[in-house]
Amino acid sequence: MNADALKKAIRDVADFPKPGILFKDITPVLADPKLFRAAVDLLADRHLKSRIDKVAMIEARGFTFGAGVALKLGAGIALIRKPGKLPGRTISASYDLEYGSATLHTHTDAVLPGERVLLVDDLLATGGTAAATAGLIEQLGGQIIEIEFLIELAFLHGREKLKKYPVFAPIVF
Ligand code: AMP
């Protein structure tokens, strides 16, 4: 299945979660096992031949695709979560969003020094979330092999915040 079939399944929801935001809803992709598999394959297969130690994934939609990618690559999972969710010692980063601002945490042992890390989220908007997360991984000594999104909103130029890293997004709006 190609990225076009996936693109067609993504649902636009106007004015969510705030007026003026056109939300890209990926739940129809998750609801269809063929589409979900195609999405995971697109993100995972390009890394089948390189060693990935950890897939870092961002709460909450990043967990869905990220877990599939980690399973397929035989990699461990590093969770990047909102405040108050992780029980152990954490490090955190705050950043601006397309709508509002946010803080993300990860456990201090989520990534070990020298580990090769793939970062996965559902969508690249302004790039703030991924840039902050990449910073956390690097703070722990991880090496970012690539940052992957199912969807990129190119008109928000999020790649500019991620210039230091390889970025892959098969579906572009
Ligand atoms: P950003 O930090 O601006 O790149 O925002 C990316 C994060 O916000 C991702 O975790 C997305 O899930 C979410 N997000 C931002 N804008 C949208 C949008 N228009 N539709 C769906 N999710 C979005």
Side-chain angles (χ1 to χ4, degrees), residues 3-32 35-36 38-40 42-44 54-70 77-86 90-107 110-111 117-140 142 144-173:
D4 260 7
L6 279 167
K7 190 172 185 176
K8 286 196 189 96
I10 292 159
R11 182 161 58 193
D12 283 346
V13 181
D15 299 321
F16 181 88
K18 290 192 177 165
I21 302 293
L22 184 63
F23 192 84
K24 296 292 182 188
D25 178 18
I26 49 89
T27 60
V29 174
L30 299 179
D32 180 326
L35 292 176
F36 177 61
V40 169
L42 274 171
L43 298 175
K54 292 270 167 64
V55 178
M57 52 197 78
I58 302 170
E59 181 174 355
R61 277 159 284 142
F63 289 179
T64 59
F65 301 112
V69 170
I77 287 175
L79 296 182
I80 314 297
R81 298 212 62 179
K82 289 163 189 162
K85 304 282 190 187
L86 289 168
T90 62
I91 52 168
S92 69
S94 297
Y95 58 96
D96 294 324
L97 275 177
E98 190 189 3
Y99 40 82
S101 72
T103 302
L104 287 173
H105 289 248
T106 194
H107 275 148
V111 168
V117 179
L118 193 60
L119 176 54
V120 175
D121 201 4
D122 67 326
L123 181 143
L124 171 62
T126 65
T129 307
T133 304
L136 289 177
I137 292 162
E138 288 180 330
Q139 224 178 300
L140 295 177
I144 309 264
I145 302 305
E146 188 166 63
I147 306 182
E148 297 189 300
F149 308 88
L150 187 63
I151 305 164
E152 174 179 3
L153 302 183
F155 56 92
L156 292 172
H157 307 295
R159 277 178 192 256
E160 279 168 25
K161 283 209 186 86
L162 304 175
K163 273 196 195 118
K164 274 166 66 182
Y165 312 102
V167 172
F168 173 68
I171 299 172
V172 181
F173 288 98

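Each ligand, and each atom within it, is numbered from 1 in the order the structure gives.
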Q: Kindly confirm or rule out an N or O of D96 lying under 3.5 angstrom from an N or O of ligand 1.
A: no
**Q.** Polar proximity ligand 1 side, L22 side, N/O cut 3.5 Å exclusive
**A.** yes
Q. So, is K24 polar-close to ligand 1, with some N/O to N/O distance under 3.5 Å?
A. yes
Q) Do F149 and L162 have side-chain heavy atoms sitting under 4.5 Å apart? A) yes
Q. Does I151 reach the side chain of D122, with side-chain heavy atoms less than 4.5 Å apart?
A. no
Q. Looking at R61, which atoms of ligand 1 are within less than 4.0 Å of one of its heavy atoms?
A. 12 (O), 21 (C), 22 (N)
Q.
When you measure from the heavy atoms of L153 to every atom of ligand 1, does any distance fall below 4.0 Å?
A. yes
Q) If hydrogens are left out, which of T126, T129, I151, I26 has an atom nearest to atom 3 (O) of ligand 1, that is, the closest non-hydrogen atom? A) T126
Q | Heavy-atom side-chain proximity of K161 to Y95 below 4.5 angstrom | A | no
**Q.** Proximity to ligand 1 by part of D122, non-hydrogen separation under 4.0 Å
**A.** side chain
Q: Work out whether the distance between some heavy atom of I58 and some atom of ligand 1 is less than 4.0 Å.
A: no
**Q.** Test item, G127 contacting ligand 1 (heavy atom, 4.0 angstrom)
**A.** yes
Q.
I need the contact type for D121 against ligand 1. Using non-hydrogen atoms and a strict under-4.0 Å cut-off, is it side chain, backbone, both or neither?
A. side chain
(Q) Side chains of L6 and L42, heavy atoms from C-beta outward: is any pair under 4.5 Å? (A) yes
Q: Could you check if a side-chain atom of F65 sits within less than 4.5 angstrom of a side-chain atom of L30, using non-hydrogen atoms only?
A: yes
**Q.** Pairwise side-chain contact, L156 with L124, heavy-atom cut-off 4.5 Å (strictly under)
**A.** no
(Q) Which heavy atom of T27 sits nearest to which heavy atom of R11, and what is that distance? (A) OG1-NH2, 3.3 Å
